[in-house]
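Here's the structure we're looking at; comments come further down.
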6 protein chains.
Amino acid sequence: MRLAVYPGSFDPITKGHIDILERSSRLFDRIVVAVIHNVNKKELFTLEERKEMIREATQHLPNVEVDCFSGLLVDYIVQKGACAIVRGLRTVSDFEYELHMAMMNHHMLPEVDTIFIMSTSKYFYISSSMVKEAALLGGPVGDLVPPNVEARLREKWRQRKEGKGVSD
Amino acid sequence: MRLAVYPGSFDPITKGHIDILERSSRLFDRIVVAVIHNVNKKELFTLEERKEMIREATQHLPNVEVDCFSGLLVDYIVQKGACAIVRGLRTVSDFEYELHMAMMNHHMLPEVDTIFIMSTSKYFYISSSMVKEAALLGGPVGDLVPPNVEARLREKWRQRKEGKGVSD
Amino acid sequence: MRLAVYPGSFDPITKGHIDILERSSRLFDRIVVAVIHNVNKKELFTLEERKEMIREATQHLPNVEVDCFSGLLVDYIVQKGACAIVRGLRTVSDFEYELHMAMMNHHMLPEVDTIFIMSTSKYFYISSSMVKEAALLGGPVGDLVPPNVEARLREKWRQRKEGKGVSD
Amino acid sequence: MRLAVYPGSFDPITKGHIDILERSSRLFDRIVVAVIHNVNKKELFTLEERKEMIREATQHLPNVEVDCFSGLLVDYIVQKGACAIVRGLRTVSDFEYELHMAMMNHHMLPEVDTIFIMSTSKYFYISSSMVKEAALLGGPVGDLVPPNVEARLREKWRQRKEGKGVSD
Amino acid sequence: MRLAVYPGSFDPITKGHIDILERSSRLFDRIVVAVIHNVNKKELFTLEERKEMIREATQHLPNVEVDCFSGLLVDYIVQKGACAIVRGLRTVSDFEYELHMAMMNHHMLPEVDTIFIMSTSKYFYISSSMVKEAALLGGPVGDLVPPNVEARLREKWRQRKEGKGVSD
Amino acid sequence: MRLAVYPGSFDPITKGHIDILERSSRLFDRIVVAVIHNVNKKELFTLEERKEMIREATQHLPNVEVDCFSGLLVDYIVQKGACAIVRGLRTVSDFEYELHMAMMNHHMLPEVDTIFIMSTSKYFYISSSMVKEAALLGGPVGDLVPPNVEARLREKWRQRKEGKGVSD
């Protein structure tokens, strides 16, 4: 059985991520979406919210499961018995960062490989940070994220607007 | 059974290609190295020579086999029943060309995915064209290609030198 | 009245080019599509064929006309009385070439500016050369080029196949 | 009448920005320089200071006016009745960010287009952040920003030096 | 006598930096490693610790000395009487930032030049930030930094782990 | 004594090359401009013409001399006793090619280093190929090349025009 890990912040999961998952789930027996738990990074959604949104959005992919980790990715890979790390690639800047990260992980754990899957042209320009920026200003993001994520982003936007209204 | 195709010119195969094959052969049940047969492109080695060099250099990888194709890659993929195309990534320029090619192939055959594996830092700067350029000027390429390829490149270099001597 | 020139080889025109034209035709009073006549470059379609295909494919854009030129682009710009050069941008490699070309043209003719319009994500990966390569191997390109271009590419492909059949 | 919006932080406006404005003001009937009002971003100059510096530095361009906005750019575009967003392009990293931003804006408002104008080679390396960094360390920036901005940067530098002197 | 300055944060020095120093020390009579003293930037190691680690790791290079500076680099260059700034180059993103910085410095001090030396493929993917990230999560970095730096990173990691243990 | 080699095609030498030479000649005791003699590459100017144009254009640089070589660059470096290869850097595409070439040369001859000097912003967009393209179409290139090269390019352009006139 071949298991791959798809690590990331997923704050929140987008249709671009789901596209990568739909495609990589055909190549491996199991995929674990591994949400990075980084106490120093300020995220919009809590770890639990992020995991829940991924679970809801990947119900149609039976061999995909959701987990989280902190610490070194390679330690997590060993613990899971994974043979590959899956990453999406969208831009030249992504590419260089990912190239160096893959070389670093390969240096620490030569038995595991990073494979890259490129985003389809339709989802090419979507990133979690652009989605958040647009959504928190009231922009339409229904084509960019699954419905459950859209609903939660709209809720966050409402809270912000009301919060501002109260404080003014 | 999951079969992947690793297409390319392989004129000639380098240690960088072999590194990609060693790593991708762990991820799939079978890998077919598919040498592109392009009558318009001027290659140093014939199609047969290129296939033979790959066969010799991948004997330690039992689930790797060598084939060739002409025409559309996606037609070949369908004929082979492959689920993935494997490509190595080294540079930003590679990245953009490969991104567009992967989008084009995905447009023509959505069921197949291109996965990218990055070269290890040790083989990062090796390309078939740089190897040929150096070898045909008498440069040492023993660390960059397998021994069988080195021997054939040296032979080509000797022929060129003698050819020039004769014609002068 | 503001006139812009959209220069290129257009061998053949793609849906990506038409997208650029639809968008730039809203910004200027008139757009001249200026097909480069370069005797040294080997093109698939003749100058006349390329102009005809553009004319057919831009009939819905009343302020777009088709012309051709040889020699320096800036000389043509002066002769036409244009205030801008329009170019599409798709990739980092495009970007650098275009940046230098725009600086060079600006050096020779400071009164004219090059403006760049980025391809929409849907047509992001389409280039004339990839379209030709796919079409001449029998690949489906109906989503990438307008119907009149698709028909002509199919005709070229048929001729090639028959040509080979006869010569074999 | 064709109106374009040139959005940015302009903290502070540089000769590079003014070059873009001089060139784009020839292509449109009116240009609105739209200073982004982002309460979360720490700027060196206040919104009012930034607007004032732009006004002073663009007095020679009669069809250029200065405004500010918060919220979604596309909402502001609709409100202004603009047909285009103008952006300068200097680097590959710029290019990718701008490409994705333009695709995102095009997704939210297909009727508006982003056009890119490349910096002339003379102003190629100037960015607001490099100018600030140099000026606040006492470096000469008279060739990089208009005189009014240079004076204000020198004032900021003097305040910092004195502030340090006092607090020491 | 030709003196060059190699400026940087060196937080901490890596084998990649040492490689650059070994190579550039052959090209100049003296090299000053100039640690940037930036009170606004949060560093892992103090200025003194960083200087000490460099001194220990460059003992085999007799014409290399260690210093620090704050303020404008070009002022420091003038004060030292240096003829060149040495910088390493690893990535496309590095390249653009360095290109603009070199142009800016050349604008302020035309008599001094920046020369770039590329990292060898072996140290290609090493950066101080990746090393710190890995080391503080307990990852092996012995191949990436000199032994004295490895020992100090391990000490930092131990402190963090104990600090967390106590606070939990 | 430190000797550096500045290799290239120089077909023809531009003000960008001369800028690199003026700057690198301050860093080394002697610089040899080494024109590549490649029988397979079609050049506009003969080897002798190219060497002569460089000699004329570098008379103000007493420690610069002109030579040519064929074969492996590293063999030529050894023969000359050089300690460094000098290369100019303009673009991201340059950068990647040069990075790989430097790694390849370092692999074959570890004692020699490639140093890169970036073009000043004024000459940033100039390349021999763009200069030739413009000049052979009658464009003004007096700001881009030294006067002796401009004269020769104008002569080539006249010959071409007359050649066409005769053949028409």
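Convention: sequence-line order gives letters A, B, ...; per-chain numbering from 1.
- Taking both residues in full, the closest heavy atoms of E/Ser25 and E/Ile31 are given as CA-CG1, 3.9 Å, listed atom of the first, atom of the second, then distance.
- Scanning residues 59-84 of chain D against chain E with a 4.5 Å heavy-atom cutoff picks out nothing at all.
- One distance of note links CD of E/Glu155 with CG of E/Leu153; it measures 10.5 Å at 0.5 Å rounding.
- Listed for the D/Arg90 side chain is a donor-acceptor partner under 3.5 Å among the backbone atoms of D/Ile126.
- Sorted by first and then second residue, the ring-ring contact (aromatic ring centres under 6.0 Å, His included) pairs involving residues 20-46 of chain E (not counting sequence neighbours) form an empty list.
- E/Lys41 pairs by the side chain to side chain contact (heavy atoms under 4.5 Å, CB included) definition with E/Ser9, E/Asn38, E/Glu43, not counting sequence neighbours.
- A distance of 13.0 Å separates CD1 of D/Ile13 from CD of D/Glu52, quoted to the nearest 0.5 Å.
- Between E/Arg23 and E/Asp19, at least one side-chain nitrogen of the basic residue sits less than 4.0 Å from a carboxylate oxygen of the acidic one, meeting the salt-bridge criterion.
- Residue E/Phe95 does not touch chain D at all, counting heavy-atom pairs closer than 4.5 Å.
- With contacts defined as side-chain heavy-atom distances shorter than 4.5 Å, the pair E/Leu44/E/Lys156 qualifies.
- For a heavy-atom cut-off of 4.5 Å, chain E lies close to D/Met130, D/Val131, D/Glu133, D/Ala134, D/Leu137, D/Gly138, D/Gly139, D/Pro140, D/Asp143, D/Leu144 in residues 127-152 of chain D.
- Scanning all heavy atoms of the two residues, the minimum distance from E/Phe116 to E/Ala102 falls at CZ-CB, 4.1 Å.
- Taking both residues in full, the closest heavy atoms of E/Gly88 and E/Ile20 are given as CA-CD1, 3.9 Å, listed atom of the first, atom of the second, then distance.
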